[in-house]
Amino acid sequence: FNLSLIDGWNANYAKIPLAQLKIPRATDFRKYLIGFYKFYGFDFDYKNYIICVLTGTRVPKHIFDHGKENQLPPVFSKFVEYMERINVEEADEVDELFSNHKPMVIQDPFELIHNVSKGVQESKLNKIVNYMRSTYELLLGAKF
């Protein structure tokens with residue numbers, strides 16, 4: 001496939017048929033919806049982990065700290081390359097560095113230094129988590 005770079009970031013995405021991914025067919029959407037709200041409302045550790053859409057996993061926040069890039073898995077090679085070519089001391093904290101110590105961190109799957117939730121303050125995160133918990137409780141009691 002053709003590699004598509006935008007400002008040095010990989011803007012490609014896989015075009016794989018769902019059957020090839022071997023994901024079981026969702027027969028009980030309610031179960032997955034409840035699981036989503038339970039995980040992000042009760043189980044996810046926002047203080048220590050980022051939500052990584054690229055890998056579909058949680059990744060420790062601290063391994064994105066400057067000087068710890070060697071701890072990152074190979075899938076983050078573009079992030080490492082970026083950090084090696086900028087001057088961290090002179091970089092703009094908001095626009096050029098990854099805001100990995102914000103209360104909520106959701107990493108952009110293409111521009112890996114972008115935390116799409118960097119504007120979410122602690123009080124707003126608490127509100128989001130409370131909405132997730134309330135939605136979980138509502139879904140548990142809902143008749144579908």
Which residue pairs pass the salt bridge (charged side-chain N to carboxylate O under 4.0 Å, His left out) test when at least one of the two sits in residues 112-124, sequence neighbours left out? none
Test side chain to side chain contact (heavy atoms under 4.5 Å, CB included) applied to [X] - qualifying residues, sequence neighbours left out:
X	value
Asn87	Glu89, Glu90
Asp108	Phe110, Glu111, His114, Val116
Lys127	Tyr131
Leu72	Ile63, Phe64, Glu69, Phe76, Phe79, Val80

Quick one: side-chain hydrogen bond (donor to acceptor under 3.5 Å, both in side chains) pairs with a partner in residues 95-107, sequence neighbours left out? Asp65-Asn100, Asp65-His101
Just do the side-chain contact (heavy atoms from CB on, under 4.5 Å) check on Ile113 and Tyr82 with the steps written out, would you? CA-CA 9 Å; Ile113 60 148; Tyr82 174 83; 3.5 Å; yes
Arg133 CZ to Ile128 CD1 distance, which is reported to the nearest 0.5 Å: 13.0 Å
Calculate, to the nearest 0.5 Å, the distance between atoms CD and CZ belonging to Glu93 and Phe98 respectively. 13.0 Å
Please name all residues satisfying side chain to side chain donor-acceptor pair (under 3.5 Å) with [X], sequence neighbours left out, ordered by chain then number.
X	result
Thr135	none
Asp43	Lys38
Ser77	none
Thr55	Thr57

Hey, are the side chains of [X] and [Y] touching, using non-hydrogen atoms and a 4.5 Å cut-off?
X	Y	result
Arg30	Leu139	no
Leu54	Leu112	yes
Asn48	Asp45	yes
Ile50	Lys61	yes
Val53	Ile106	yes

Which heavy atom of Met83 sits nearest a heavy atom of Val88, and at what distance? CE-CG2, 4.0 Å
List the atom of Ile86, the atom of Ala91, and the distance in Å for their closest heavy-atom pair. CD1-CB, 4.1 Å
Hphob cluster co-occupancy, [X] + [Y], side-chain heavy atoms under 4.5 angstrom:
X	Y	result
Met132	Phe42	yes
Phe36	Tyr136	yes
Val75	Val105	yes

Contacts of type ring pair (Phe, Tyr, Trp, His ring centres under 6.0 Å), residue Phe44, not counting sequence neighbours: Phe39, Tyr40, Tyr46
Can Asp92 and Leu97 be said to form a side-chain contact (heavy atoms from CB on, under 4.5 Å), step by step? CA-CA 7 Å; Asp92 181 273; Leu97 296 177; over 6 Å; no
